[in-house]
Amino acid sequence: MAFAPWSLILANYILPVNRALAVQGYLSTMEDDFKSLVISFLKEQLTETEFMTSFIKLWNESRDSGALSGSDPVVTRILDRIFTSCDAFELNPEPPFEIGAIEFKAEVKDMAYLAWGL
């Protein structure tokens, strides 16, 4: 009796079930995690550096797991934009490619408004 390779089982059975459960609300969605992280930052519970580090880590996890594949494409695009802002953030920016704390927070606030009305 031959067994299917683990990657085939994962791709054909486990991931679709997890996505279906997430869509039905049975699994915690990463979008909620992103939203909570953004809210904490906007309430000044996190510094710019703490937010940037946490956001990039969560973004990498969601990308690698495909957890946002069933999310609203507009929200996904907005999260990509916040990721780009995290990548451009520096405490001592060198314009035009880097942004400072004021621009960074304004960008996150604008994107949070577009995504969730915050």
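Values reported hereafter were calculated over all heavy atoms of this structure, with side chains retained and with hydrogens, waters and symmetry mates removed.
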Q: Going by the rule ring-ring contact (aromatic ring centres under 6.0 Å, His included), which residues pair with F34 if we only count those two or more places apart in sequence or in a different chain?
A: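 Counting only residues at least two positions away or on another chain, F34 forms a ring-ring contact (aromatic ring centres under 6.0 Å, His included) with F55.
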Q: Checking A101 now: which residues fulfil side-chain contact (heavy atoms from CB on, under 4.5 Å) with it, not counting sequence neighbours?
A: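 Applying side-chain contact (heavy atoms from CB on, under 4.5 Å) to A101 gives E48, F89.
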Q: Can you tell me which residue pairs pass the salt bridge (charged side-chain N to carboxylate O under 4.0 Å, His left out) test with a partner in residues 49-63, sequence neighbours excluded?
A: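 Pairs touching residues 49-63 that pass the test: none.
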Q: Could you tell me which non-hydrogen atom of P95 sits nearest to which non-hydrogen atom of P93, and how far apart they are?
A: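 Shortest heavy-atom separation between P95 and P93 comes out as CD-O, 3.5 Å.
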Q: Ignoring hydrogens and angles, write down the donor-acceptor pairs under 3.5 Å from the side chains of residues 78-87, residues two or more places apart or on other chains.
A:
unit_1	atom_1	unit_2	atom_2	d
D80	OD1	W59	NE1	3.1
R81	NE	E107	OE2	2.6
R81	NH2	E107	OE2	3.1
T84	OG1	D80	O	3.1
S85	OG	R81	O	3.2

Q: Going by heavy atoms in the side chains, are V75 and L114 under 4.5 Å from each other?
A: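 V75 vs L114: side chains apart.
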Q: Which heavy atom in L42 sits nearest to a heavy atom in A112, and how many Å separate them?
A: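 Smallest heavy-atom distance, with atoms named: CD1-CB, 3.9 Å.
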Q: Establish whether I99 and I102 are linked, either directly or via other cluster members, by ILVMFWY side-chain heavy-atom contacts under 4.5 Å.
A: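 The answer is no; the residues belong to distinct hydrophobic clusters.
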Q: Taking the six-membered ring for Trp, are F51 and F104 parallel (under 30°), tilted (30 to 60°) or perpendicular (over 60°)?
A: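 Rings of F51 and F104: tilted, 30 to 60°.
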Q: If you look only at pairs with a residue in residues 109-118, which of them pass as a side chain to side chain donor-acceptor pair (under 3.5 Å), with sequence neighbours excluded?
A: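 Passing the test, one end in residues 109-118: E31-W116.
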Q: Just verifying a value: how many Å separate T47 OG1 and L91 CG, rounded to the nearest 0.5 Å?
A: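 T47 OG1 to L91 CG: 8.5 Å, rounded to 0.5 Å.
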Q: Taking a hydrophobic cluster as the set of Ile, Leu, Val, Met, Phe, Trp and Tyr residues connected by side-chain heavy atoms closer than 4.5 Å, whether directly or through intermediates, do V74 and V108 fall within one such cluster?
A: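 Yes, same cluster.
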Q: Would you mind listing every side chain to side chain donor-acceptor pair (under 3.5 Å) that reaches into residues 88-103, with sequence neighbours excluded?
A: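 Side chain to side chain donor-acceptor pair (under 3.5 Å) check on residues 88-103 returns no pairs.
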